[in-house]
Amino acid sequence: MKILIVNGPNLNLLGVREPSIYGSSSFDTYLTQLRSRYPDIDIEYYQSNVEGELINKMQEAGFTADGIILNAGAYTHTSIALHDCIRSLKSPVVEVHISNVHNREEFRHHSMISAACKGVICGFGLDSYRLAIEALKQ
């Protein structure tokens with residue numbers, strides 16, 4: 001099984017950025033734990049602060065990967081382009097958020113990409129990614 005994890009803008013700052021919301025662990029540290037927990041799954045990781053680069057990566061993997069886990073960051077709330085990309089892919093996409101976006105600012109309550117995704121997981125910290133892997137394994 002092959003899964004691509006895609007993180008959007010500012011998620012390269014995990015462990016540093018607002019630890020009260022996003023925790024104090026870097027994604028690289030967490031990724032090592034995920035790969036150890038799922039040695040039978042090829043977990044590829046990609047992060048970019050640029051919307052078009054996220055789309056390019058998802059299109060590159062989206063016809064061969066068994067699933068994509070996408071934390072689009074702030075693009076979640078603004079990107080019709082990501083929505084259209086997700087709809088065009090063969091691979092199922094699970095939308096993930098570290099924080100519970102519904103407990104945050106009003107503008108974070110609406111996702112432009114949810115309707116194109118297989119499902120949405122939010123509010124479980126970095127464990128949201130593990131939950132998405134479990135969903136894709138099903």
Would you compute the distance between atom [atom1] of [X] and atom [atom2] of [Y] and round it to the nearest 0.5 angstrom?
| X | Y | atom1 | atom2 | value |
| --- | --- | --- | --- | --- |
| Leu4 | Asp42 | CG | CG | 10.0 Å |
| Ile69 | Arg130 | CD1 | CZ | 11.0 Å |
| Asn12 | Ser26 | CG | OG | 11.0 Å |
| Leu131 | Leu126 | CG | CG | 11.5 Å |
| Leu70 | Cys117 | CG | SG | 6.0 Å |
| Ser88 | Gln59 | OG | CD | 5.5 Å |

Quiz item: Between Glu44 and Lys57, does at least one N-O distance fall below 4.0 Å, as a salt bridge requires?
Solution: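 Counted as a salt bridge, because a side-chain N and a carboxylate O are separated by less than 4.0 Å.
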Quiz item: Would Arg87 and Asp84 pass as an ion pair if we require N to O under 4.0 Å?
Solution: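 Salt bridge flag = no for Asp84 with Arg87.
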Using a 4.5 Å cut-off on heavy atoms from C-beta on, say whether the side chain of [Y] contacts that of [X].
| X | Y | answer |
| --- | --- | --- |
| Leu89 | Met58 | yes |
| Phe27 | Leu11 | no |
| Val120 | Val96 | no |
| Ile41 | Ile133 | yes |

Would you kindly confirm whether [X] and [Y] end up in one hydrophobic cluster when ILVMFWY residues are joined by side chain heavy atoms under 4.5 Å apart?
| X | Y | value |
| --- | --- | --- |
| Met1 | Val6 | no |
| Phe124 | Ile5 | yes |
| Tyr46 | Val93 | yes |
| Ile86 | Leu136 | no |
| Ile98 | Leu31 | yes |

Do the side chain of [X] and the main chain of [Y] share a donor and acceptor less than 3.5 angstrom apart?
| X | Y | answer |
| --- | --- | --- |
| Ser91 | Gly67 | no |
| Asp66 | Lys2 | yes |
| Glu95 | Asn71 | no |
| Thr76 | Ser111 | no |

Measure across [X] and [Y] and return the closest heavy-atom pair with its distance rounded to 0.1 Å.
| X | Y | result |
| --- | --- | --- |
| Asn100 | Cys122 | OD1-SG, 4.0 Å |
| Ala81 | Ile55 | CB-CD1, 3.7 Å |
| Ala135 | Lys118 | O-NZ, 4.5 Å |
| Pro9 | Ala72 | CD-O, 3.4 Å |
| His83 | Ile113 | N-CG2, 3.9 Å |

Could you verify whether a donor N or O on one side chain and an acceptor N or O on the other, from [X] and [Y], lie under 3.5 Å apart?
| X | Y | value |
| --- | --- | --- |
| Thr29 | Thr32 | no |
| Ser79 | Glu51 | yes |
| Gln33 | Tyr38 | no |
| Asn7 | Tyr129 | yes |

Practice problem: Evaluate the side chain to side chain contact (heavy atoms under 4.5 Å, CB included) criterion for residues Ile121 and Ser128: first the C-alpha distance (whole Å), next the side-chain angles of each, then the deciding distance (0.1 Å), finally the verdict. | Solution: CA-CA 6 Å; Ile121 299 170; Ser128 296; 3.9 Å; yes
Quiz item: Do Ile68 and Val94 pass the side chain to side chain contact (heavy atoms under 4.5 Å, CB included) test, and can you show the C-alpha distance, the side-chain angles, and the key distance before you say yes or no?
Solution: CA-CA 6 Å; Ile68 297 173; Val94 176; over 6 Å; no
